[in-house]
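Residue numbers begin at 1 in each chain, while the letters A, B, ... track the order of the sequences.
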There are 2 protein chains.
Amino acid sequence: MSILRNIPSGGPNISSVPLRADKFGLSQPFLSVEDRHKLALIASLRHFNAGELICNEDDQATFIFNIASGVAKSYSFLPEGKEIIQGFFFANDLLGFMENGRYTNTVKAITPVVAFQFHVSALEALLRTEPDLQLQFLAKTCHELRLAQQHAIALSQQSAQKRLLMLLNLVRLHNEPQAQAARQIHLPMSRADIADYTGLAVETVSRNLHQLQRQGVIHLISPQCIEIADEHIFTAALAQES
Amino acid sequence: MSILRNIPSGGPNISSVPLRADKFGLSQPFLSVEDRHKLALIASLRHFNAGELICNEDDQATFIFNIASGVAKSYSFLPEGKEIIQGFFFANDLLGFMENGRYTNTVKAITPVVAFQFHVSALEALLRTEPDLQLQFLAKTCHELRLAQQHAIALSQQSAQKRLLMLLNLVRLHNEPQAQAARQIHLPMSRADIADYTGLAVETVSRNLHQLQRQGVIHLISPQCIEIADEHIFTAALAQES
DNA sequence: CGTGGAGTTGAACGATGTCAATCTTAGTGG
DNA sequence: CCACTAAGATTGACATCGTTCAACTCCACG
């Protein structure tokens with residue numbers, strides 16, 4: 001496979017959570033070597049610059065994408081002209097969800113993105129012949145559903161602080177291990193993106209981040225880099241009563 | 001099949017939207033007779049009273065359910081002890097989504113509910129041997145994801161009125177055709193449920209419904225029954241700028 | 001050195017949450 | 001048949017928090 005030779009990651013991959021509890025515990029969160037190989041056979045590699053559109057809502061859906069590296073945002077437009085960010089896509093995520101053959105969201109690269117692209121028809125044909133692989137896609141979709149529900153939970157929080165803490169916690173899980181060890185959260189997105197995800201105004205985002213700093217929960221190193229002041233205080237603030 | 005003989009609906013069924021555009025348009029939103037028959041072979045019928053628990057978050061997931069009639073609500077608990085309603089399930093919906101073998105939501109019947117129940121292991125075995133049927137489940141899950149995203153859109157609305165209008169519109173789609181023709185929306189859920197779904201206080205729900213009435217958008221016939229005063233004004237209010 | 005975008009800060013208004021009281025309704029039992 | 005009860009729904013008064021509008025700072029880039 002020429003594709004497999006050209007990239008370091010070893011081909012398409014999907015991070016997920018298994019539907020059923022494995023007897024080995026949380027095993028098989030990623031595809032097997034065989035499944036990745038089968039996907040590689042129908043994949044081609046794409047590069048997107050930061051800010052570049054990956055797919056557009058309501059457009060005819062011809063490709064499904066699997067991110068190899070980089071971060072993208074999925075968003076829709078509200079009646080008022082504002083936009084809401086539905087979620088962020090990271091490495092090993094799937095994007096290009098569709099209904100009636102049309103994309104249900106607009107997805108734009110936030111950082112430079114490298115992604116595998118599959119023809120919808122080729123992927124569908126593969127999934128029909130590989131039920132086990134299809135189950136992995138089902139599990140991934142269930143996990144996306146779970147993430148969307150957690151987003152709804154974040155949005156239903158009254159306090160701006162908690163909404164922000166939930167976003168920080170979400171982004172944190174996708175940071176490099178060394179960054180996590182240093183209690184640092186690297187935010188690939190702008191304040192406007194955070195505002196659109198949390199349903200707040202940009203000013204409220206800024207104000208409350210600084211308030212969290214005054215309260216000793218976080219430390220604003222730079223606009224894109226936040227340090228957790230105290231692990232214990234941070235998690236306590238996430239689960240707080242008030 | 002004894003099950004098929006005992007129920008009028010003709011066995012399990014799944015309402016959905018196809019992933020790909022069919023050459024026949026919006027065809028195949030429901031399962032084929034053959035698929036329903038295969039599901040019936042591994043299904044058993046369950047009855048739930050109004051208010052009865054169908055499945056509980058974090059519990060071992062042994063069954064997946066398919067509603068034949070009635071309405072249920074899916075909810076999670078917020079740190080503050082409040083609860084958020086993630087969505088409502090109607091006839092031909094699937095429920096019992098899981099991760100790591102455990103339910104991700106608590107589901108409770110709002111009205112009396114009749115549902116088919118499938119053993120997870122039996123359903124998984126069936127889906128492995130029937131990739132086409134599995135694709136229907138994948139499409140259904142994608143549609144649930146879409147609904148969760150629309151819920152997030154509703155929650156990100158600043159105005160309480162718009163959140164309520166989006167809920168009314170959602171419920172309306174599941175009403176009986178004759179009710180829709182009469183421009184009536186029958187709400188199976190309580191004001192508290194509406195509040196938990198929209199992220200508002202019960203009082204705010206009540207106040208804004210009455211305000212919508214004063215504005216001539218709807219007419220409150222009874223707490224559980226709302227009439228759309230004018231179709232045009234209603235849809236205009238949904239898409240309004242302000 | 002100037003420019004523009006992103007981020008921050010300030011002040012005032014307004015919508016919604018909260019607390020509390022009242023009203024309505026369905027179900028119960030005398 | 002009627003009164004009682006409890007849960008759901010409504011209404012009022014008030015405080016709070018976030019939005020809005022505006023000005024300002026910071027930094028990268030030419």
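Atoms CD (A:Gln211) and P (C:dT9) sit 12 Å apart, rounded to a whole Å. One interatomic measurement links the two molecules: CG of A:Leu220 to C1' of C:dA6, which rounds to 15 Å at whole-angstrom precision. To the nearest angstrom, P of D:dG8 lies 17 Å from CG of B:Leu209. As a whole-Å value, the separation of B:Leu200 CG from D:dT10 P is 14 Å. In this structure, B:Arg214 places its CZ atom 11 Å from C1' of D:dT11, rounding to the nearest Å. In this structure, A:Gln157 atom CD and D:dC17 atom C1' are separated by 15 Å, rounded to whole Å. A:Leu164 places its CG atom 15 Å from the P atom of D:dC17, with the value rounded to the nearest Å. Distance A:Leu155 CG to D:dG18 C1': 15 Å, rounded to the nearest Å.
A:Ser190 comes within contact range of the sugar-phosphate backbone alone, with a heavy-atom separation under 4.0 Å but no base atom that close. Within the 4.0 angstrom heavy-atom criterion, base atoms lie near A:Glu203. Nucleic acid contact for B:Gln224: sugar-phosphate only, since backbone atoms but no base atoms lie under 4.0 Å from a heavy atom of the residue.
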Inset, instruction - Give the intermediate values and the outcome of side chain to side chain contact (heavy atoms under 4.5 Å, CB included) for residues B:Phe234 and B:Asn169. - result: CA-CA 9 Å; B:Phe234 182 82; B:Asn169 200 42; 3.9 Å; yes
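Projected onto DNA chain C by closest heavy-atom contact, B:Gly199 and A:Arg191 fall at different nucleotides, the more 5' of which corresponds to A:Arg191.
In plain terms, the two heavy atoms of A:Ala148 and B:Gln149 that are nearest each other are CB-CG, 4.4 Å.
Under 3.5 Å, the side chain of A:Gln161 and the base of D:dC17 form no donor-acceptor pair of N or O atoms. A:Arg207 contributes a side-chain N or O that forms a donor-acceptor pair with the base of D:dT20 under 3.5 Å.
Annotation: side-chain hydrogen bond (donor to acceptor under 3.5 Å, both in side chains) contacts of B:Arg191 (sequence neighbours excluded): none.
Nearest nucleotide to the B:His210 side chain, out of C:dT8, D:dA9, D:dT11: D:dT11. Closest approach to the A:Ser206 side chain among C:dC19, C:dT8, C:dT16 is made by C:dT8 (side chain taken as heavy atoms from C-beta onward).
B:Phe65 and B:Phe63 have tilted rings, their planes meeting at an angle from 30° to 60° on a 0 to 90° scale.
Proximity of the aromatic rings of B:Tyr197 and B:Phe88 is defined here by a centroid distance below 6.0 angstrom, and this criterion is met.
B:Lys82 has a side-chain polar atom (N or O) that falls below the 4.0 Å cut-off from OP1 or OP2 of C:dT18.
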